[in-house]
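Numbered from 1 within each chain, the chains take letters A, B, ... in sequence-line order. Because the structure is predicted, anything quoted here is derived from the model rather than measured. Only this structure's heavy atoms are used, side chains among them; waters, hydrogens and symmetry mates stay out.
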Amino acid sequence: MEATKDQRIWQVVLAIPKGKVASYGQVADMAGLGRQARYIGRALGKLPEGHKVPWYRVIRSNGQIAFPEGSSTFERQKCLLEQEGVVVVEGRVKMSQFRWQP
DNA sequence: CATTTGACTATTC
DNA sequence: TGAATAGCCAAAT
């Protein structure tokens with residue numbers, strides 16, 4: 001458990017503005033992990049319950065959500081995204097409009 | 001621009 | 001060692 005990387009990831013995810021989304025690759029790059037996008041998902045999955053990390057703002061590079069439809073996690077993510085103003089359809093986000101562009 | 005397939009890497013248990 | 005994973009990329013459609 002390299003908490004340093006996880007913490008950096010959380011920090012980056014926390015930096016995502018409301019109403020926008022970022023891809024795992026983007027987060028990985030910003031966190032200094034480079035191309036280890038998979039580690040992001042791993043780290044987010046290990047998060048404790050009381051975290052304030054908007055993990056739901058993190059999606060795939062194509063704007064598609066990482067979970068299968070109908071899953072609790074998916075539903076939660078979709079609901080939270082819509083709450084932020086992001087439109088989610090068929091498990092994917094409207095790409096060219098909500099992607100966080102630093 | 002949107003979608004699908006296939007091949008790849010890195011981390012973890 | 002082997003298997004699994006909240007991914008990414010490129011190419012083709």
Side-chain angles (χ1 to χ4, degrees):
Chain A
M1 306 237 319
E2 285 81 53
T4 48
K5 288 179 192 154
D6 290 10
Q7 266 204 15
R8 194 157 321 203
I9 290 163
W10 306 341
Q11 184 82 36
V12 173
V13 176
L14 283 162
I16 301 172
K18 179 180 157 196
K20 305 244 169 167
V21 293
S23 64
Y24 291 90
Q26 284 264 297
V27 175
D29 185 49
M30 285 185 216
L33 301 174
R35 305 267 186 221
Q36 312 174 264
R38 289 189 150 212
Y39 188 71
I40 306 299
R42 191 71 49 148
L44 293 176
K46 288 150 102 88
L47 282 168
E49 290 194 7
H51 62 58
K52 307 135 152 239
V53 183
W55 57 270
Y56 53 83
R57 284 184 197 153
V58 185
I59 54 176
R60 292 202 191 181
S61 58
N62 327 333
Q64 185 166 23
I65 292 177
F67 314 97
E69 261 185 68
S71 255
S72 307
T73 339
F74 175 86
E75 292 281 319
R76 221 173 329 190
Q77 180 167 19
K78 181 176 178 262
C79 188
L80 291 161
L81 286 172
E82 294 214 337
Q83 185 185 216
E84 303 266 321
V86 180
V87 181
V88 180
V89 179
E90 299 285 316
R92 43 189 111 112
V93 176
K94 300 296 200 174
M95 346 172 351
S96 314
Q97 295 184 324
F98 295 103
R99 288 218 279 193
W100 179 35
Q101 230 169 211

Visitor: Could you give the CD-to-P distance, from Glu90(A) to dT4(B), as a whole number of Å?
Guide: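 Those two atoms, CD and P, are 10 Å apart.
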
Visitor: Has Gln11(A) got more than 12 heavy atoms of other residues, nucleotides or ligands less than 6.0 Å from its CD?
Guide: no

Visitor: Measuring from atom CG of Leu14(A) to atom CZ of Arg57(A), what distance do you get when rounded to the nearest 0.5 angstrom?
Guide: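 One finds 8.5 Å between CG of Leu14(A) and CZ of Arg57(A).
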
Visitor: Keeping the roles fixed (side chain from Ser71(A), backbone from Phe74(A)), state whether a donor-acceptor pair exists under 3.5 Å.
Guide: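 Answer holds: no.
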
Visitor: Could you measure the distance from the CD1 atom of Ile9(A) to the CG atom of Leu44(A)? Nearest 0.5 Å is fine.
Guide: 6.5 Å

Visitor: Against Trp10(A), only a single residue in Asp6(A), Val13(A), Val12(A) fulfils side chain to side chain contact (heavy atoms under 4.5 Å, CB included); can you say which?
Guide: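 Testing each of Asp6(A), Val13(A), Val12(A) against Trp10(A), the sole residue satisfying side chain to side chain contact (heavy atoms under 4.5 Å, CB included) is Asp6(A).
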
Visitor: For the residue pair Ser61(A) and Ser23(A), what are the closest heavy atoms and their distance?
Guide: CA-CB, 3.6 Å

Visitor: Without decimals, in angstroms, what is the distance between Arg42(A) CZ and dT12(B) P?
Guide: 8 Å

Visitor: Given the P atoms of dA7(B) and dA6(C), what is the spacing between them in whole Å?
Guide: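 22 Å, rounded to whole Å.
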
Visitor: Could you spell out the base pairing of DNA chain C in dot-bracket, with Watson-Crick or G-U pairs whose two distances are under 3.5 Å, [ ] crossing and | to another strand?
Guide: .||||.|.|||||

Visitor: 5' to 3' on DNA chain C, which nucleotides open and close the contacts with chain A (atom under 4.0 Å from a heavy atom)?
Guide: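 On DNA chain C, the outermost contacted nucleotides are dA4(C) to dC9(C).
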
Visitor: Rounded to the nearest Å, what distance is computed from the CG atom of residue Asp6(A) to the C1' atom of nucleotide dT11(B)?
Guide: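 Answer to the nearest Å: 11 Å.
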
Visitor: Flag the pair Ile16(A) / Val58(A) as yes when at least one side-chain heavy-atom distance between them is below 4.5 Å, and no otherwise.
Guide: yes

Visitor: What is the distance, rounded to the nearest whole Å, between atom CZ of Arg38(A) and atom C1' of dT12(B)?
Guide: 11 Å

Visitor: Considering every strand and a 4.0 Å limit on heavy-atom distances, what is the contact class for Arg76(A): base, sugar-phosphate, or nothing?
Guide: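 Nothing, no heavy atom under 4.0 Å.
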
Visitor: Hey, does the side chain of Gln64(A) reach the backbone of Arg92(A) with a donor-acceptor pair shorter than 3.5 angstrom?
Guide: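 Checking the backbone N and O of Arg92(A) against the side chain of Gln64(A), no donor-acceptor pair under 3.5 Å is found.
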
Visitor: Can you tell me if the side-chain N/O atoms of Lys46(A) get under 4.0 Å from OP1 or OP2 in dC13(B)?
Guide: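 For Lys46(A), the contact criterion (side-chain N or O under 4.0 Å from OP1 or OP2 of dC13(B)) is met.
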
Visitor: Give the rounded distance in Å between these two atoms: CD1 of Ile40(A) and P of dT12(B).
Guide: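 These atoms are roughly 12 Å apart.
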
Visitor: Find the distance between CD (Gln77(A)) and CH2 (Trp55(A)) and round it off to the nearest 0.5 Å.
Guide: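 It comes to 5.0 Å.
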
